[in-house]
Chemist: 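Quick one: the structure is below, questions incoming.
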Amino acid sequence: MTGNANDMENALCLLHPAYLGSIAQYVAIVRASEIIFEDCDNYQKQTYRNRTYIYGANGKLLLTVPFLHSGEERRLYKEVRIQNDFNWQLQHRKSIETAYRTSPFFEYYEDDFQILYAKKFTYLLDYNYQCFEVVKGCLQLEVPFSKTDTYQKEFYGGIDARNLIVAKKETIYHFTPYVQVFSEKHGFIPNLSIIDLLFNEGPNAITYLQNQSLSKLDTSNV
């Protein structure tokens, strides 16, 4: 991430739209004064663009939105189409329900997420913007956002947090533990999908995000 994590407060922040983005991404969103979403980059695999992690009965569980392969080596994120030949939305909805139906706030937010699993979307980018709108509503978050109209490798107008979309190599953050459904079995798992925080912490989720920073945990001696 370009810029110090502590400098993110009230800064303009550049991010990628994600599928039910990670807690780290929403820490960045909540702490920023304004968001710019990257609309003009090339699509990259193994990122949170089409995947998210939830807490299942057996631990960390990956949910992946399938996409149509074009055969081209490079294509724009906005051109990526979702593979809707099988009902992956039903699969995701059932996985989320199984993981969180006993959480304190699952029923409180359940209806808000119905559009994400009842309506079919053609483009992944459009779907991820809908995910953001749903989560923003649940958090009662008011943050202005815009979209890029050109791609710039370097971003100098604020904090470049586009690296938060990378899922291949996990970054460990100093996030405060909260009670999770299966934490007695597997312990606290940090930086899951934002829905893990919502279903477990409810209206307190926004306060939790405001109190976190993106300082990385030093694992050099681990």
Side-chain angles (χ1 to χ4, degrees), residues 1-54 62-65 67 70 72-82 121 123-136 139 141-175 190-197 209-210 212-219:
M1 182 181 305
T2 303
N4 187 287
N6 295 324
D7 295 336
M8 186 168 290
E9 191 76 36
N10 297 321
L12 179 65
C13 188
L14 178 63
L15 293 156
H16 288 288
Y19 172 46
L20 297 175
S22 67
I23 290 174
Q25 185 174 49
Y26 277 91
V27 170
I29 290 171
V30 165
R31 293 173 66 86
S33 61
E34 184 178 347
I35 298 299
I36 302 178
F37 282 117
E38 179 63 78
D39 254 22
C40 301
D41 63 318
N42 288 324
Y43 184 77
Q44 297 178 25
K45 298 178 182 179
Q46 297 186 339
T47 69
Y48 292 120
R49 290 174 178 86
N50 75 317
R51 62 177 59 191
T52 196
Y53 288 96
I54 63 174
L62 173 65
L63 301 180
T64 303
V65 179
F67 61 88
S70 67
E72 298 179 7
E73 185 176 347
R74 290 187 180 183
R75 55 178 161 164
L76 295 175
Y77 185 4
K78 65 178 69 176
E79 295 174 347
V80 175
R81 293 172 177 261
I82 296 175
F121 292 77
Y123 290 97
L124 178 62
L125 187 60
D126 293 338
Y127 183 62
N128 286 347
Y129 275 121
Q130 185 64 66
C131 290
F132 173 69
E133 290 293 341
V134 170
V135 172
K136 185 161 68 78
L139 290 171
L141 177 63
E142 296 182 5
V143 57
F145 73 92
S146 58
K147 304 174 184 180
T148 60
D149 51 20
T150 59
Y151 177 74
Q152 297 180 9
K153 185 176 181 179
E154 302 293 335
F155 177 65
Y156 298 104
I159 300 296
D160 187 346
R162 287 177 291 185
N163 68 325
L164 291 176
I165 203 69
V166 177
K168 186 176 181 180
K169 185 177 181 180
E170 185 176 10
T171 299
I172 302 175
Y173 296 99
H174 279 293
F175 289 158
N191 202 31
L192 297 174
S193 168
I194 186 64
I195 65 172
D196 185 80
L197 181 65
L209 293 168
Q210 290 169 340
Q212 307 308 306
S213 76
L214 292 176
S215 298
K216 298 176 183 179
L217 184 64
D218 183 5
T219 58

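Please read these numbers as outputs of a predicted model, since none were measured by experiment.
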Chemist: Taking atom types as modelled, find out whether Y43 and N50 have a side-chain donor-acceptor pair closer than 3.5 angstrom.
Modeler: yes

Chemist: Test side chain to side chain contact (heavy atoms under 4.5 Å, CB included) on L214 and F175; report intermediate values, then the result.
Modeler: CA-CA 8 Å; L214 292 176; F175 289 158; 3.9 Å; yes

Chemist: How many angstroms lie between atom CD1 of I82 and atom CG of L125, to the nearest 0.5 angstrom?
Modeler: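 Here the rounded value is 10.0 Å.
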
Chemist: Begin with the C-alpha distance, continue with both residues' side-chain angles, and end with the deciding distance and a verdict on side chain to side chain contact (heavy atoms under 4.5 Å, CB included) for L139 and I29.
Modeler: CA-CA 11 Å; L139 290 171; I29 290 171; over 6 Å; no

Chemist: Please report the shortest heavy-atom distance between C13 and A161, naming the atom on each side.
Modeler: SG-CB, 3.7 Å

Chemist: Are the side chains of L15 and F37 in touch, meaning some heavy atoms are under 4.5 Å apart?
Modeler: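 Counting from C-beta outward, L15 and F37 do come under 4.5 Å.
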
Chemist: Heavy atoms only: give me the nearest K153-D160 pair and the separation to one decimal.
Modeler: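 Looking at all heavy atoms of both residues, the closest pair is O-OD2, 4.4 Å.
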
Chemist: Taking only residues two or more places apart in sequence, or in another chain, which ones meet Y19 in a side chain to side chain donor-acceptor pair (under 3.5 Å)?
Modeler: H92, Y117

Chemist: Please name the residue in the list L63, D196, L192, L62 that meets the side chain to side chain contact (heavy atoms under 4.5 Å, CB included) test with I54.
Modeler: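 It is L63; the other options fail the test.
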
Chemist: Examine distances only and state if a side-chain atom of S193 and a backbone atom of T52 form a donor-acceptor pair shorter than 3.5 Å.
Modeler: no

Chemist: Kindly say whether P17 contributes a backbone atom to a donor-acceptor pair with the side chain of Y77 at under 3.5 angstrom?
Modeler: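 Yes, Y77 side chain to P17 backbone: donor-acceptor pair under 3.5 Å.
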
Chemist: Main chain of Q212, side chain of R31: is a donor-acceptor contact present, judged purely on distance under 3.5 Å?
Modeler: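 Pair found, side chain donor or acceptor close to backbone of Q212.
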
Chemist: Mind checking whether F132 and Y26 have parallel, tilted or perpendicular rings, split at 30° and 60°?
Modeler: parallel

Chemist: Q44 side chain to R49 main-chain N or O, any donor-acceptor pair under 3.5 Å?
Modeler: no

Chemist: Minimum heavy-atom separation for E34 to V143, with atom names?
Modeler: CA-CG2, 4.2 Å

Chemist: So do the side chains of Y127 and V80 get within less than 4.5 Å of each other, counting heavy atoms only?
Modeler: no

Chemist: Flag this pair as yes if the NZ/CZ of K136 is under 6.0 angstrom from the six-membered ring centre of F145 and inside a 45 degree cone about the axis; otherwise no.
Modeler: no

Chemist: Are the side chains of R81 and Y123 in touch, meaning some heavy atoms are under 4.5 Å apart?
Modeler: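 Of all side-chain heavy-atom pairs linking Y123 with R81, at least one is under 4.5 Å.
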
Chemist: Where do L20 and V135 land on the side chain to side chain contact (heavy atoms under 4.5 Å, CB included) test, with the steps shown first?
Modeler: CA-CA 8 Å; L20 297 175; V135 172; 4.2 Å; yes

Chemist: Under the side chain to side chain contact (heavy atoms under 4.5 Å, CB included) rule, collect the residues that match up with T148, sequence neighbours excluded.
Modeler: L14, I36, E38, D39, C40

Chemist: Run the side chain to side chain contact (heavy atoms under 4.5 Å, CB included) test on Q130 and F121 for me, step by step, so that the C-alpha distance in whole Å, both residues' side-chain angles and the decisive distance to 0.1 Å come before the verdict.
Modeler: CA-CA 10 Å; Q130 185 64 66; F121 292 77; 3.7 Å; yes

Chemist: Check whether any side-chain heavy atom of L76 lies under 4.5 Å from a side-chain heavy atom of N42, and answer yes or no.
Modeler: yes

Chemist: Minimum heavy-atom separation for C131 to A18, with atom names?
Modeler: CB-O, 4.2 Å

Chemist: Closest approach of Q25 and H16, non-hydrogen atoms and distance?
Modeler: NE2-O, 2.6 Å

Chemist: Given 3.5 Å as the limit, does a donor-acceptor pair link the side chain of N191 with the main chain of A24, or not?
Modeler: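 Answer holds: yes.
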
Chemist: Between CZ of R51 and NZ of K45, what distance do you get to the nearest 0.5 Å?
Modeler: 11.0 Å

